[in-house]
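Below is one structure; the comments refer to it alone.
Remember, predicted model here, so these are calculated numbers, not experimental data.
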2 protein chains.
Amino acid sequence: MAESIRRPVTAHDVAKLAGVSQSAVSRTYTKGASVGQKTREKVEAASAALGYRPNLVARSLITRRSNLIGVVVPSLENPFYSEVLEALSKAFDGSGYRVLLFSTAASADSDPILEEVLRHRVDALILVSSSLSSRFAEECVQIGLPVVLLNRKNDSQGVSSVTSDNAEGGAVIADFLVASGHEKLAFIAGTPCSSTSRDRELSFTTRLEELGQGTFLREVGGYTFEGAMAATRRLMALAERPDGIFCANDLMAIAAMNVITHECQLTLGRDVSVIGFDNIAMAAWPSVSLTTYRQPIERFVQDAVDIIEAQLNNHDTPAIQKVIAGNLIVRQSARLPEAGFAEADGERIWRAGN
Amino acid sequence: MAESIRRPVTAHDVAKLAGVSQSAVSRTYTKGASVGQKTREKVEAASAALGYRPNLVARSLITRRSNLIGVVVPSLENPFYSEVLEALSKAFDGSGYRVLLFSTAASADSDPILEEVLRHRVDALILVSSSLSSRFAEECVQIGLPVVLLNRKNDSQGVSSVTSDNAEGGAVIADFLVASGHEKLAFIAGTPCSSTSRDRELSFTTRLEELGQGTFLREVGGYTFEGAMAATRRLMALAERPDGIFCANDLMAIAAMNVITHECQLTLGRDVSVIGFDNIAMAAWPSVSLTTYRQPIERFVQDAVDIIEAQLNNHDTPAIQKVIAGNLIVRQSARLPEAGFAEADGERIWRAGN
DNA sequence: CTGAAAGCGCTAACAA
DNA sequence: TTGTTAGCGCTTTCAG
């Protein structure tokens, strides 16, 4: 019953059947190699007959290019990361690269994972919302491995990064909340160690102080839905509860909205305002309608891919730190100021007046 | 300025520095090889000094095991697939396998992708909600490549599959909707070619007929949020609009809920009931509270992983078709029957009474 | 336990 | 354009 397992067909087998040399077979499947019409036909015939499939592992060994991009993402519970991952996969697909996926606990030390990634001889590395120890950063530069940090910055030079304009984001959200008359503001942070969360918070509170709104509340939501629900509960249990909450990402903002409407029986945009950060697809759903600072995922990913491909083609291409402008998309989760609205990409946005 | 790019350190370099043979280095990093204490120490010292990292590509070439699992998933727009992907990644991680990701348009022909997957010499293949041409099915069996279809069945024997009990699911949902007094039912299908959607629909309508509810409406939502919104609009625009809608998955159910509450100003669970299929994390959010048939993702993934590991360890392990029992989790998106409730895993579930 | 030697399947000079 | 010849970096017999 058990069909005997065929030994994989090699270029050698094909060559023998086609009556050509093994290198002729190789050339037939190597882009830009010169093969005669006759030879190519014989090879393709034999190939088809035998079911030949070039072994990319062997090819990688000699070309020293695996056509694999290591991608490290935190929990896919957050739709933002699913969207990023899918966009990355699609973008690289077009250039012939495949994604070798590493999913990691957001907070865990990523060094052991990176060790493993490098053993696989990936051609490049993308770290999404995850930092890189300076030891590894240096090492990657030394071995000429292009690395891009997505949605996180890094002290080390030599490592590229693509982030959105967290400074502008936090500030414009402060402007918006103050312009719409909020008086007791709160921030729900992701994790203390995340540079994005810190940058957003810092620019938010700095601008608040500039505007004379010195006091504000603060909780940590850990970037998760559950964590943010708990954080929101603590906030709303306060004697003087906030009337405006800025969450370090959309997932936490949606969690906050759930607590506010379904547990506190309050109305969003009237009793309490919630603002997120990311603009995940879900934020536009009518039942969510979240006012949020958009990080344009397509640009994010495209820039990361461009940086990597540039470095792949020319190893002297310097690392660059890219900061992408976003904008505040206005929906219904937060009370509106009187003016300052505009239109962009079919969305209603808001800019600080002048 | 440009730091010269170091040639990667090889086992040979380490051997030379350590004053041992290259094979000694290899043994040091090969599980279950015999190396003397002294030798091992020398190798490890030299290794550390040079920054040696075993090349898994070269290892794969000779062992004929890449430690890579090809995973093909449809759009990650659907959180169900993100959850599956993350669970797969985590599960394989524990056994030393990595995920080589292939993201594909749900409807596209997957053959070209599979061709590419096989060239990479993955050790096994998981196709999520995607079918396999019989040509490939046979080929995979012949080359001894374990394949598991997740959330989809296949005609070909020899290919394993893990699905939830779609027949039971569709039937119990019909029972539930009839028991709670609905009179005009509708089904929003995924794609016509999807076996899961067809199975769910067939068992749903069959049971409906058995219960004397012959007529029902039908639309196609294409498994997407937008598609399902459009389908729901068509349904709700009908002179005799449905009072109960069963959607082939949760994402579409949530889209339907959005249209019903925000566009039609109707109340879920009173004017119209919506039932989904999957039980994605979001279904439990207070603002969603979707009644849905649970597909236990952890079991799904665990079974798939078990099948693959069994076949990896013993190539004569036969393919198996696994069907996993789910249950109907009752929340607030659908009107309730009078009786039949129970508790399971901390969730309120419903079973056809008798 | 250790080293020498033979490849894994393929690409890339180099000659012809 | 072709075939011949070396390896890519590693694992794995096989002697010692």
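- The nearest pair of heavy atoms linking B:Ala304 to B:Leu150 is CB-CD1, 3.6 Å.
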Across nucleotides 11-16 of chain D, 5' to 3', mark each nucleotide with B, S or - according to how protein heavy atoms within less than 4.0 Å reach it. BBB---
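- Taking the C1' atoms of five terminal pairs at each end of the helix from C:dC1-D:dG16 to C:dA16-D:dT1, the two resulting helix axes are inclined by 30°, rounded to 10°.
- Separating the CZ atom of B:Arg119 from the P atom of C:dG9 is a distance of 16 Å, rounded to the nearest angstrom.
- Considering only the side chain of A:Leu61, D:dC8 comes nearest among C:dT2, C:dC8, D:dC8.
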Residue pair B:Arg53, A:Glu139: steps toward the salt bridge (Lys or Arg N to Asp or Glu O under 4.0 Å) verdict: CA-CA 12 Å; B:Arg53 233 186 299 275; A:Glu139 196 148 358; 2.5 Å; yes
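- Across the protein-nucleic acid pair, A:Arg40 atom CZ and D:dG3 atom P stand 14 Å apart, rounded to whole Å.
- Comparing atom distances between the A:Asn55 side chain and each of C:dG9, D:dG9, D:dT2 picks out C:dG9 as nearest.
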A:Ser160 and A:Gln321: CA distance, side-chain angles, deciding distance, side chain to side chain donor-acceptor pair (under 3.5 Å) verdict: CA-CA 5 Å; A:Ser160 300; A:Gln321 277 74 39; 5.6 Å; no
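- Taking side-chain N and O atoms only, A:Ser21 has no distance below 4.0 Å to OP1 or OP2 of D:dT2.
- Results of the side-chain hydrogen bond (donor to acceptor under 3.5 Å, both in side chains) test with B:Ser164 over B:Gln295, B:Arg299, B:Lys322 single out B:Gln295 as the only residue that passes.
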Could you walk me through whether A:Thr163 and A:Ser161 pass the side chain to side chain donor-acceptor pair (under 3.5 Å) test, one step at a time? CA-CA 6 Å; A:Thr163 55; A:Ser161 66; 5.4 Å; no
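- Distance B:His12 NE2 to C:dG3 P: 12 Å, rounded to the nearest Å.
- The CZ atom of B:Arg121 sits 11 Å away from the C1' atom of C:dC10 (whole-angstrom rounding).
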With side chain to side chain donor-acceptor pair (under 3.5 Å) as the criterion, how do B:Ser129 and B:Tyr81 come out once you've worked through the C-alpha distance, each side chain's angles and the decisive distance to 0.1 Å? CA-CA 9 Å; B:Ser129 290; B:Tyr81 297 129; 2.8 Å; yes
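- Nucleic acid contact class of A:Val57 (heavy atoms, under 4.0 Å, all strands): none.
- In summary, the side chains of A:Gln311 and A:His315 do not present any donor paired with an acceptor at a separation below 3.5 Å, with no hydrogens or angles considered.
- Rounded to whole angstrom, the span from the CG atom of A:Leu56 across to the C1' atom of C:dT11 amounts to 13 Å.
- Distance, B:His120 NE2 to C:dC10 P: 14 Å, rounded to whole Å.
- With hydrogens and angles ignored, the 3.5 Å screen pairs a side-chain donor or acceptor of B:Ser21 with a backbone N or O of B:Ala24.
- Between the side chains of A:Tyr29 and A:Ser47, at least one donor N or O lies within less than 3.5 Å of an accepting N or O.
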